[in-house]
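Throughout, a chain's letter reflects where its sequence line sits, starting with A, and its residues are numbered from 1.
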Amino acid sequence: MHWADVAAQALAHKSDTHVVSTGITPSGEFHIGHLREILTGDMIARAAKDAGLTVDFVFIIDSADPLRKVYDFLGPEYEQFVGNQLGAIPAPKEDGNPDWERFQNEGWTYANHFLEPFLKALKEIGVRPRLIDNLESYRNGRFAELSKTACDRADDIREAIERISGRELPDGWFPWSPLNSRGGLDKVRVTGYEYPLVHWEDEYGATGSSDITKGEGKLPWRIDWPAKWGWIGVTCEAFGKDHGAAGGSYSTGREIVQILGHEPPHPLVYEWISLKGQGAMSSSAGNTIGPIEALRLVPPEILRLLVAKSKPNKAIEFDTGMGLVTLADEFERLAARDFQQELANEELSRRQKVQVEDAAGAMKMATVVSGQEVQATAVTFRHLALLAQTKKSDSDVWMSLQASGALKEITPQLQDRLNRMRYWIQSSHFPNEMRIKILTEPNTTMLEALDEVERRIMKSLVVALNACEWNATAIGASIPQSAKDLDESPRSAFKVAYAALMGTEKGPRLAPILAEMDREEILRLLDACVQVLGN
RNA sequence: GGGCCUGUAGCUCAGUCAGGUAGAGCGUCGGACUUUUAAUCCGAUGGUCGCGGGUUCGAACCCCGUCAGGCCCGCCA
């Protein structure tokens, strides 16, 4: 059974209606790591719906969280906002400094700025959660009741956190962080509590009272999370392994939520996604790839497959080079399979059956529109990469595919894939080993490995190419002819040509590539090859 | 110090919850095709299941220990 179905089954044992929740702090640019958070939730929700449950899938935007520091991508003017809530400060402009104008005129915040492209990507990927803005929820009094309970039972909560996390809370600790005189959550001390007011004084010498029913502050993180479970009624949440450790925020949360009078949600801990060869992704290290950027390279189904095929507790390495080719080709293979038919085979062992079921489950989760069949395009990524490099115009690509019988009609899906492929080829992510390259200097090693016959063909080939017209058809005829002239198989002519021009044993169709190249340069290279052999 | 996750074929992983003859894909090798789309098709190859003990008729799976890698325990998914 697919992991999402296993989770759905666990939920079904508890109740018929569920709220599956996800949440992200919009503190900087989103990356594909964040996609795992939301896709994991989406897949559980989808599986639960398929199992006949009523499911509300929500995405909580943690806009009430404070800006922790002036990140590298922010200008120095952000110093004044450290400690202030992300949904209450201006967004950065191109130069990294605050865009006051949009903030004042449209209320365009820091949180909005980073969230918007992510939401756009989600739409494309087929994830449609109900959005809950956390800061707004505080301001609208959604947290009021639970905040009161938290403040009333401050000692119980304090005890729970200290016991479970094993760390000691400071003396003035209180389960409510009031906003100080400058709108920040730091540099402020609670001096008293009389519902609904929490009295405070800050390091700027100001004092005041924060109304906990109006969002004039927020619950500290370890209480904020269980409080959300409470008022939203969350019954299932997937979260990163950082929250899942013993003594981490889930283990304190599950106890705190009970103090607040609710049940903890069904947890699902997932591993992180790293960028191949660069460790965990982090915005400050700059080794991120955003969902938008990823979508320019591959279609959404393939991105979904990446998350769907790995069990949540497996770390995923996202590789924008060869790994992407493998992943995309795997997608094509899976799409072409008939799982129903495979499962009908009685001879399958239990083990093999599980594998087929998991593959089928992963593909079900990979579709952008739930329930829709994925169609195989019949063209592998690898193949398309070749064609996209050798054919300048799209229609040439389609003609070539139709000529070989691989393709009957050009679907919008294929056109879309070709567009992304062309973008990928231009980008720095495209792997070198996939890049078609004609040598500029002879590859001596390859040439010296040629035998007597092949050396003769080499000379014949040079003569033939010198004589022929410089277009794909003529070149395509000349290469094999150069071998036929010597009563050798056409194949050996290609072997020689690859050795001379690309330094490889085999390769992509040569004629169209050569036709696109400068004739003189190719001829010069071939002459140089003959020179090498002459010695 | 406490805890979590991972370790199975060259690579990526399934199988561990409910113990019953080691599984898939990729790769590699071989063959078919031969004016070749690094294509396609067919076939083969491949593992002391990290290591050591224990329980059992039987252990990749359960228990104990141990090694290695990653991570968490001051709000990075």
Side-chain angles (χ1 to χ4, degrees), chain A residues 6 22-25 27-28 30-41 62 65-66 68 164-167 185 220-225 238-249 251-252 269-274 279-285 309-317 319 323 326-327 329-330 333-334 348-359 379-380 382-387 390-391 400-401 403-406 433-434 436 473 475-484 489-495 497-498 502 504-513:
Chain A
V6 173
T22 59
I24 301 174
T25 305
S27 55
F30 284 65
H31 49 70
I32 49 161
H34 293 108
L35 219 47
R36 190 170 202 177
E37 161 89 17
I38 199 135
L39 277 177
T40 304
D62 284 321
D65 290 0
R68 311 254 182 242
I164 299 165
S165 76
R167 76 186 165 112
L185 293 159
W221 160 247
R222 284 196 186 243
I223 306 159
D224 176 86
W225 199 19
F239 45 87
K241 60 175 176 177
D242 49 330
H243 298 307
S249 41
S251 57
T252 52
V269 180
Y270 61 85
E271 255 283 356
W272 292 23
I273 297 184
S274 61
M281 242 173 279
S282 108
S283 309
S284 52
K309 73 170 191 150
S310 303
K311 297 217 280 192
N313 65 1
K314 287 282 181 187
I316 293 178
E317 251 195 7
D319 173 6
T326 315
L327 178 68
D329 284 348
E330 183 179 357
R333 271 196 312 276
L334 288 170
L348 283 185
S349 69
R350 181 180 149 218
R351 214 164 278 189
Q352 288 168 317
K353 206 164 190 166
V354 169
Q355 264 173 346
V356 177
E357 279 171 3
D358 276 355
V379 183
T380 65
R382 206 176 280 273
H383 192 169
L384 195 61
L386 281 179
L387 294 174
T390 53
K391 315 279 183 193
S400 168
L401 282 167
S404 68
E433 58 183 292
M434 291 282 291
I436 293 173
T473 320
I475 296 171
S478 297
I479 297 174
Q481 192 58 46
S482 64
K484 281 185 187 167
S489 91
R491 183 175 229 183
S492 51
F494 283 101
K495 185 184 172 193
Y498 284 120
M502 299 182 79
T504 56
E505 283 203 20
K506 45 185 178 171
R509 197 171 189 147
L510 267 177
I513 300 170

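Counting non-hydrogen atoms under 4.0 angstrom, Leu35(A) reaches nothing in the nucleic acid. Backbone-only contact: Thr25(A) has heavy atoms under 4.0 Å from sugar-phosphate atoms and none from a base. Nucleic acid contact for Gly248(A): none, since no nucleic acid atom lies under 4.0 Å from a heavy atom of the residue. Here Lys484(A) lies in heavy-atom contact (under 4.0 Å) with a base. Contacts of Ile38(A) with the nucleic acid, taken as non-hydrogen atoms under 4.0 Å apart, are absent. Nucleic acid contact class of Thr326(A) (heavy atoms, under 4.0 Å, all strands): none.
Separating the CH2 atom of Trp272(A) from the P atom of U6(B) is a distance of 17 Å, rounded to the nearest angstrom. Between the NZ atom of Lys311(A) and the P atom of C4(B) there is a distance of 18 Å, given to the nearest Å. The distance between atom CD1 of Ile316(A) and atom P of C71(B), rounded to the nearest whole Å, is 17 Å. Following rounding to the nearest Å, Asp329(A) (CG) and G27(B) (C1') show an atom-to-atom distance of 14 Å. A straight line from CD of Glu271(A) to P of G7(B) spans 11 Å, rounded to a whole angstrom. Straight-line distance from the CD1 atom of Ile479(A) to the P atom of U37(B): 13 Å, rounded to whole Å. Asp319(A) places its CG atom 14 Å from the C1' atom of C26(B), with the value rounded to the nearest Å. Straight-line distance from the CD atom of Glu330(A) to the P atom of A14(B): 12 Å, rounded to whole Å.
At the phosphate of U6(B), OP1 or OP2 sits under 4.0 Å from a side-chain N or O atom of Asn313(A). Contact annotation: Lys309(A) does not reach the phosphate of U12(B) (side-chain N/O to OP1 or OP2, under 4.0 Å). Close to G7(B), at under 4.0 Å from its OP1 or OP2, lies a side-chain N or O of Lys314(A).
Considering only the side chain of Phe494(A), U36(B) comes nearest among U36(B), A14(B), A77(B). For His383(A), taking side-chain heavy atoms from C-beta onward, the closest of the listed nucleotides A39(B), C73(B), C76(B) is A39(B). Candidate nucleotides U37(B), C75(B), C26(B) were compared by shortest atom distance to the side chain of Arg333(A), and C26(B) ranks first. Closest to the side chain of His243(A), out of G15(B), G74(B), A77(B), is A77(B). For Lys241(A), the listed nucleotide lying nearest its side chain is G70(B); candidates were U6(B), U40(B), G70(B). If you check G15(B), C71(B), A77(B) against the side chain of Asp242(A), the one that comes closest is A77(B). Between A77(B), A14(B), U36(B), one nucleotide has an atom nearer to the side chain of Arg509(A) than all others, and that is U36(B).
Using a 4.5 Å heavy-atom threshold, the side chains of Arg222(A) and Ser165(A) count as touching. You'll find the side chain of Tyr270(A) reaches within 4.5 Å of the side chain of Glu37(A), heavy atoms only. Two residues are said to be in side-chain contact when any heavy atoms from C-beta on lie closer than 4.5 Å; Thr390(A) and Arg509(A) fail this criterion. Using a 4.5 Å cut-off on side-chain heavy atoms (C-beta onward), Glu271(A) and Lys311(A) make no contact. The closest side-chain heavy-atom distance from His243(A) to Trp221(A) is below 4.5 Å. Looking at His31(A) and Ile273(A), their side chains never come closer than 4.5 Å, going by heavy atoms from C-beta outward.
Residue Gln355(A) places a side-chain atom within donor-acceptor reach of the base of A14(B), judged by atom type and a 3.5 Å distance cut-off alone. In this model, a side-chain donor or acceptor of Arg68(A) finds a partner on the base of C75(B) within 3.5 Å.
For the C1' atoms, the distance from C33(B) to U40(B) is 9 Å, rounded to whole Å. Taking atom P on both G54(B) and C61(B), the two are 14 Å apart, rounded to the nearest angstrom. With P as the reference atom, C71(B) and A24(B) are 34 Å apart, rounded to whole Å. U6(B) sits 29 Å from U45(B) when the C1' atoms are compared, rounded to a whole Å. Taking atom C1' on both U37(B) and U28(B), the two are 23 Å apart, rounded to the nearest angstrom. Taking the P atom of each, G47(B) and G23(B) are spaced 14 Å apart, rounded to whole Å. For G20(B) and C11(B), the C1' atoms lie 30 Å apart once the distance is rounded to whole Å. For the P atom pair drawn from C72(B) and G52(B), the interatomic distance equals 32 Å after rounding to whole Å.
Checking C17(B) for Watson-Crick or G-U wobble geometry (two distances, each under 3.5 Å) identifies no partner in any strand. Across all strands shown, A32(B) is found opposite U40(B) as a Watson-Crick or G-U wobble partner, with both distances under 3.5 Å. With a cut-off of 3.5 Å on both Watson-Crick or G-U wobble distances, the partner of A68(B) is given as U6(B).
Taking both residues in full, the closest heavy atoms of Thr22(A) and Gly41(A) are given as CG2-CA, 3.9 Å, listed atom of the first, atom of the second, then distance.
Residue-to-nucleotide proximity on RNA chain B shows that, of Ala315(A) and Ile24(A), the 5′-proximal contact is made by Ala315(A). Nearest-nucleotide positions on RNA chain B for Gly23(A) and Ala511(A) put Ala511(A) closer to the 5' end.
Using a 5.5 Å limit on the distance between ring centres and a 30° limit on the angle between planes, the aromatic ring of Phe239(A) does not count as stacked on the six-membered base ring of A77(B).
Relative orientation of the Trp225(A) and Phe239(A) rings is perpendicular, given thresholds of 30° and 60° on the angle between their planes.
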